Number of protein chains: 2
Amino acid sequence: MAASSTKPRSPAPAPAVHRAEASADDYRLGWFENMVGFHLRRAQEAAFAAFKNRVGGIDIRVGHFAALVLIGENPGINQTVLGRAIGRDKSSLTPILDDLAHRGLVVRQRIVHDRRRYGLTLSAEGERMRDTLQEHAQAHERQLQQLIEPECYEQFVRTLKRIATILPPV
Amino acid sequence: MAASSTKPRSPAPAPAVHRAEASADDYRLGWFENMVGFHLRRAQEAAFAAFKNRVGGIDIRVGHFAALVLIGENPGINQTVLGRAIGRDKSSLTPILDDLAHRGLVVRQRIVHDRRRYGLTLSAEGERMRDTLQEHAQAHERQLQQLIEPECYEQFVRTLKRIATILPPV
DNA sequence: TATTGTTATACTCTATAACTATA
DNA sequence: TATAGTTATAGAGTATAACAATA
């Protein structure tokens, strides 16, 4: 999660992964106590922080990792579709892909019969990087799964998917 | 960064609530398919976007709403403890409380025997605002709950809490 | 005209560090 | 010295709109 390229870190401190601790029990959540939305947010933040800490030694970010995995899974995918898969606008992907391509992890290749698009694939080094990161992610995932009662795991993931996909935009 | 050109791009767009749609099923999630972390993130983003849309007509943000609820629940709480409750650094709360106080929703009162602290309470108007927002939040919550099988609800929330509180920082 | 990807730009959120004033 | 809150600042992350190239 360090900078994608070497960058002078002037007066700035190391951007440590931070998680504000709510250790002391000197407040009441009250109405939030059983709110799904509230705890969904807290859980996501905790999981995200834990993952960032885990891969903290590797100079790559979560969004970059997601791109590596999905390109590996969908070789030849273009940036617009990749954006949909990650849930980000295509313009947000440009700097990510720029970086990954610049580091030789991803290959962008113009598609012959539609020269507007790039087909994205992983280089051999990109595959190695993805594999390394996947090992970390797998360990992280095991850690998460330990917090879920085994008989509830399937249902838990299914519920998350349902929320992500069919929650109406209101 | 190089602002070499003279042509001004367009000025500020309206900060609309956006959710990139992943409608077309023209990609495979592959390895992410059953990852808790991945879907936790997507679910949280969807829920957050839905909530923002719901209260979109009211000039207040999620962090502000959280502050209102928690101050209402813990009258006299100070900013540092409030920050722990929300999971944010105290410095992040200063502008939020500035705004809420400026709008007459929250009252900051120096504590007599420790003049470093403020005791935070809701004004009558703050309570009204909180109540209005809570109605929206309650509707949002009902919507979320409809996506959870009723017999799994308790367990679902419990799991989220467990992830948020006892996930080791690695 | 529509689409892909890029660029310019702006904005939200949040943390860190240094600071003031208290304790 | 330690703590509560503020200020200044940095920077990650991401969107929107306009654009060029191509369809």
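Side chains are part of it too, since the values below use all heavy atoms of this structure and drop only hydrogens, waters and symmetry mates. In what follows, every chain begins at residue 1, and chains take the letters A, B, ... in the order their sequences are listed. Predicted model, so just to flag it, every value in this text is computed and none were measured.
- For the pair Arg88(A) and dG13(D), the criterion of a side-chain N or O lying under 4.0 Å from OP1 or OP2 is not met.
- Under the 4.5 Å side-chain criterion, counting only non-hydrogen atoms from C-beta, Asn34(B) is in contact with Lys161(A).
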Per-pair distances, 0.1 Å, donor-acceptor, side chain in residues 124-138 of chain B, under 3.5 Å, sequence neighbours excluded:
unit_1: Thr132(B); atom_1: OG1; unit_2: Arg128(B); atom_2: O; d: 3.1
unit_1: Gln138(B); atom_1: OE1; unit_2: Trp31(A); atom_2: NE1; d: 3.3

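- Taking only side-chain nitrogens and oxygens, Ser92(B) never comes nearer than 4.0 Å to OP1 or OP2 of dC13(C).
- For the pair Arg84(A) and Tyr27(B), the cation-pi criterion (under 6.0 Å, within 45° of the ring axis) is not fulfilled.
- For DNA chain C, none of the residues of residues 95-111 of chain B falls under the heavy-atom distance limit of 4.0 Å.
- Using a 4.0 Å heavy-atom criterion, one finds that Thr80(A) contacts the sugar-phosphate atoms exclusively.
- dT4(C) atom P lies 13 Å from atom CG of Leu82(A), rounded to whole Å.
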Quiz: residues 94-113 of chain B side-chain donor-acceptor pairs under 3.5 angstrom, not counting sequence neighbours:
unit_1: Asp98(B); atom_1: OD1; unit_2: Arg108(B); atom_2: NH1; d: 3.0
unit_1: Asp98(B); atom_1: OD1; unit_2: Arg108(B); atom_2: NH2; d: 3.0
unit_1: Asp99(B); atom_1: OD2; unit_2: His64(B); atom_2: ND1; d: 3.3
unit_1: Asp99(B); atom_1: OD2; unit_2: Arg103(B); atom_2: NH1; d: 3.1
unit_1: Arg103(B); atom_1: NH1; unit_2: Asp59(B); atom_2: O; d: 3.1
unit_1: Arg103(B); atom_1: NH2; unit_2: Asp59(B); atom_2: O; d: 2.6
unit_1: Arg108(B); atom_1: NE; unit_2: Gln79(B); atom_2: OE1; d: 3.1
unit_1: Arg108(B); atom_1: NH2; unit_2: Gln79(B); atom_2: OE1; d: 3.4
unit_1: Arg110(B); atom_1: NH1; unit_2: Arg115(B); atom_2: O; d: 3.0
unit_1: Arg110(B); atom_1: NH1; unit_2: Arg116(B); atom_2: O; d: 3.1
unit_1: Arg110(B); atom_1: NH2; unit_2: Tyr118(B); atom_2: OH; d: 3.4

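- DNA chain D is contacted by both Lys90(A) and Val112(A); Lys90(A) maps to the nucleotide lying nearer its 5′ end (nearest heavy atom per residue).
- In this structure, Glu45(A) places its CD atom 13 Å from P of dC13(C), rounding to the nearest Å.
- With hydrogens and angles left out, the side chain of Ser91(B) and the base of dT14(C) share no donor-acceptor pair within 3.5 Å.
- Rounded to whole angstrom, the span from the CZ atom of Phe48(B) across to the P atom of dG13(D) amounts to 16 Å.
- Atom CD in Gln79(A) sits about 16 Å away from atom C1' in dT14(D), given to the nearest Å.
- Atom CG of Asp26(B) and atom C1' of dT4(C) are 14 Å apart (whole Å).
- Put simply, CZ on Arg84(A) is 8 Å from P on dT4(C), counting in whole angstrom units.
- Atom pair Tyr118(B):OH and dT3(D):C1' shows a separation of 15 Å (rounding to whole Å applied).
- To the nearest angstrom, P of dA2(C) lies 16 Å from CG of Asp114(A).
- Using a 4.5 Å heavy-atom cutoff, the side chains of Leu70(B) and Phe32(A) are in contact.
- At a cut-off of 3.5 angstrom, counting only N and O atoms as typed in the model, there is a donor on one side and an acceptor on the other between the side-chain of Arg116(A) and the base of dT3(C).
- One distance of note links NE2 of His39(B) with OG1 of Thr165(A); it measures 9.5 Å at 0.5 Å rounding.
- Between Arg41(A) and Arg117(A), it is Arg117(A) whose nearest contact on DNA chain C lies nearer the 5' terminus.
- Sparse packing is recorded around CD of Glu154(A), with 12 or fewer heavy atoms of other residues, nucleotides or ligands lying under 6.0 Å away.
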